[in-house]
S.K.: 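Got a structure for you, written out below as structure tokens; questions coming shortly.
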Amino acid sequence: MREGHQGTGPGAITPDGCAVELYSRLPVGAEPDIVAAAVPGGARILELGSGVGRMTHPLLERGFGVTAVDESAEMLERVRGARTICSPIEDLALGERFDAVMLASFLVHAGDVEVRRSLLRTCARHVAEDGCVLIQREGPDYHTNLPRERVDPSGFTIRILSADPVGDGVNSVRAEYEFPDAVWTQTFRARPLTTEQFEEALGEAGLAVDRYLTDDGTWVRAVPVRQGEG
């Protein structure tokens with residue numbers, strides 16, 4: 001288990017506290033449409049932190065070629081139709097470049113700065129020169145509008161219970177997912193980032209914002225910075 005991360009509930013729990021069975025139940029939402037609108041048709045996509053394939057499968061259905069990467073073999077066992085690679089994202093070095101690299105699930109907010117840098121370097125070394133990196137950020141009130149809950153139309157409740165400071169600008173976030181037949185919790189460390197801090201982190205990895213894809217700024221299209229630019 002990664003430091004500061006834990007999870008409870010039925011079934012396998014991954015090193016960052018995610019429950020495989022829980023993520024197999026969660027709906028995907030609008031994310032595949034956001035991705036599809038930001039990349040060329042038929043693009044080769046490297047999906048970092050794919051989990052059970054919540055986004056992988058809809059992207060495959062839209063005609064994209066997806067390579068799904070996750071550090072949990074139990075998660076990848078649920079992925080169908082995609083090339084899968086079991087590896088920590090930080091260590092990935094495929095020697096390939098992709099039309100698009102995806103870093104979703106707020107992974108860019110890793111509490112450990114070195115982990116965040118490694119994640120973004122992985123994105124940069126796998127994206128084609130004319131490709132893009134699609135990153136999901138936390139909303140501006142993610143750590144402050146607490147506690148909060150949302151009842152999903154499919155019949156379960158998501159609660160973000162707390163975000164407690166643990167030092168160096170990092171919070172310990174506790175989430176709960178309540179279904180009629182089971183409850184899961186996840187505790188993880190996350191670092192809030194202002195837009196300026198986020199864009200600075202991209203720059204360290206040789207990336208720059210091309211455009212924000214959603215009105216709330218939570219989805220971002222970044223591109224490699226060519227030498228002589230930036």
Side-chain angles (χ1 to χ4, degrees), residues 1-26 28 31-32 35 44-60 64-98 100-127 133-138 166 170-175 177 184-191 193 201-202 204-205 207 219 222:
M1 194 66 62
R2 290 177 180 252
E3 183 181 359
H5 295 246
Q6 64 181 12
T8 67
I13 305 291
T14 68
D16 59 356
C18 295
V20 175
E21 180 61 34
L22 166 64
Y23 278 83
S24 296
R25 297 185 180 199
L26 295 180
V28 67
E31 284 87 352
V35 171
R44 293 178 66 239
I45 298 176
L46 178 64
E47 183 185 5
L48 302 176
S50 66
V52 298
R54 280 195 307 148
M55 292 182 65
T56 316
H57 298 138
L59 290 172
L60 290 169
F64 298 104
V66 183
T67 296
V69 177
D70 204 278
E71 67 179 347
S72 167
E74 292 92 346
M75 287 282 196
L76 289 176
E77 285 174 359
R78 309 290 181 105
V79 176
R80 297 288 179 267
R83 172 193 182 195
T84 59
I85 297 173
C86 188
S87 170
I89 297 168
E90 305 97 295
D91 301 336
L92 192 70
L94 298 179
E96 301 174 46
R97 301 230 174 218
F98 294 79
V101 180
M102 285 172 47
L103 188 69
S105 301
F106 311 134
L107 291 174
V108 74
H109 291 273
D112 186 324
V113 171
E114 286 307 315
V115 168
R116 181 189 73 209
R117 287 174 174 154
S118 295
L119 296 176
L120 290 173
R121 283 196 295 263
T122 294
C123 293
R125 68 173 167 263
H126 288 93
V127 66
V133 179
L134 305 179
I135 301 172
Q136 185 183 25
R137 303 168 63 217
E138 295 172 344
V166 294
V170 177
N171 291 335
S172 176
V173 181
R174 181 174 170 82
Y177 301 80
W184 285 272
T185 70
Q186 183 182 5
T187 302
F188 57 94
R189 291 186 179 178
R191 180 184 296 274
L193 296 171
L202 291 184
E204 286 183 354
L207 301 168
W219 275 92

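This chain uses plain numbering: 1 for the first residue, then up along the sequence. The analysis underlying the following values was restricted to heavy atoms, covering all of them including side chains, and did not include hydrogens, waters or symmetry mates.
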S.K.: Would a 4.5 Å heavy-atom cut-off, applied to side chains only, mark Arg116 and Leu193 as touching?
M.R.: yes
S.K.: Sequence neighbours excluded, which residues qualify as side-chain hydrogen bond (donor to acceptor under 3.5 Å, both in side chains) partners of Thr185?
M.R.: Thr8
S.K.: Which donor-acceptor pairs under 3.5 Å do the side chains of residues 84-91 make with protein atoms, sequence neighbours left out?
M.R.:
| residue | atom | partner | partner atom | Å |
| --- | --- | --- | --- | --- |
| Glu90 | OE1 | Arg2 | NH2 | 3.3 |
| Glu90 | OE2 | Arg2 | NH1 | 3.0 |
| Glu90 | OE2 | Arg2 | NH2 | 3.2 |

S.K.: Please say whether more than 12 non-hydrogen atoms of neighbouring residues, nucleotides or ligands are located less than 6.0 Å from CZ in Arg137.
M.R.: yes
S.K.: Would you say Leu202 and Leu120 make side-chain contact, with heavy atoms under 4.5 Å?
M.R.: yes
S.K.: Is there a side-chain contact between Glu31 and Gln136 (heavy atoms, below 4.5 Å)?
M.R.: yes
S.K.: Identify the heavy atoms of Val166 and Ser172 that sit nearest to each other, and give their distance.
M.R.: CG1-CB, 3.8 Å
S.K.: Measuring only between side-chain heavy atoms, which start at C-beta, is Ile45 closer than 4.5 Å to Val35?
M.R.: yes
S.K.: Taking all non-hydrogen atoms of both residues, which atom of Pro32 and which atom of Leu59 are closest, and how far apart?
M.R.: O-CD2, 4.0 Å
S.K.: Keeping the roles fixed (side chain from Asn171, backbone from Val173), state whether a donor-acceptor pair exists under 3.5 Å.
M.R.: no
S.K.: Is the side chain of Arg97 donor-acceptor paired with the backbone N or O of Val127 at a distance under 3.5 Å, no angle test?
M.R.: yes
S.K.: Given Arg78, which partner from the list Ser24, Ser50, Ser72 fulfils the side chain to side chain donor-acceptor pair (under 3.5 Å) test?
M.R.: Ser24
S.K.: Does a side-chain N-to-carboxylate-O contact under 4.0 Å join Arg44 and Glu96?
M.R.: yes
S.K.: Rounded to the nearest 0.5 Å, what's the gap from CD on Glu21 to CD on Glu74? Could you check?
M.R.: 12.5 Å
S.K.: Between Leu46 and Leu92, is any pair of side-chain heavy atoms under 4.5 Å apart?
M.R.: yes
S.K.: Walk me through whether Tyr23 and Tyr177 qualify under side-chain contact (heavy atoms from CB on, under 4.5 Å).
M.R.: CA-CA 10 Å; Tyr23 278 83; Tyr177 301 80; 4.1 Å; yes
S.K.: Inspect the contact between Glu138 and Arg191 and indicate whether a charged nitrogen and a carboxylate oxygen are less than 4.0 angstrom apart.
M.R.: no
S.K.: Could you measure the distance from the OG1 atom of Thr187 to the CG atom of Asp16? Nearest 0.5 Å is fine.
M.R.: 12.0 Å
S.K.: Hey, is the main chain of Met1 close enough, under 3.5 Å, to the side chain of His5 for a donor-acceptor pair?
M.R.: no
S.K.: Examine distances only and state if a side-chain atom of His126 and a backbone atom of Phe98 form a donor-acceptor pair shorter than 3.5 Å.
M.R.: no
S.K.: Using side-chain heavy atoms (C-beta onward) and a distance below 4.5 Å, is Phe64 in contact with Glu47?
M.R.: no
S.K.: Listed by chain and number, what are the ring pair (Phe, Tyr, Trp, His ring centres under 6.0 Å) partners of Phe106, not counting sequence neighbours?
M.R.: Tyr142
S.K.: Grab the two heavy atoms, one from Gly111 and one from Val170, that are nearest each other, plus how far apart they are.
M.R.: O-CG2, 3.4 Å
S.K.: Would you mind reporting whether Cys18 and Gln186 have side-chain heavy atoms less than 4.5 Å apart?
M.R.: yes
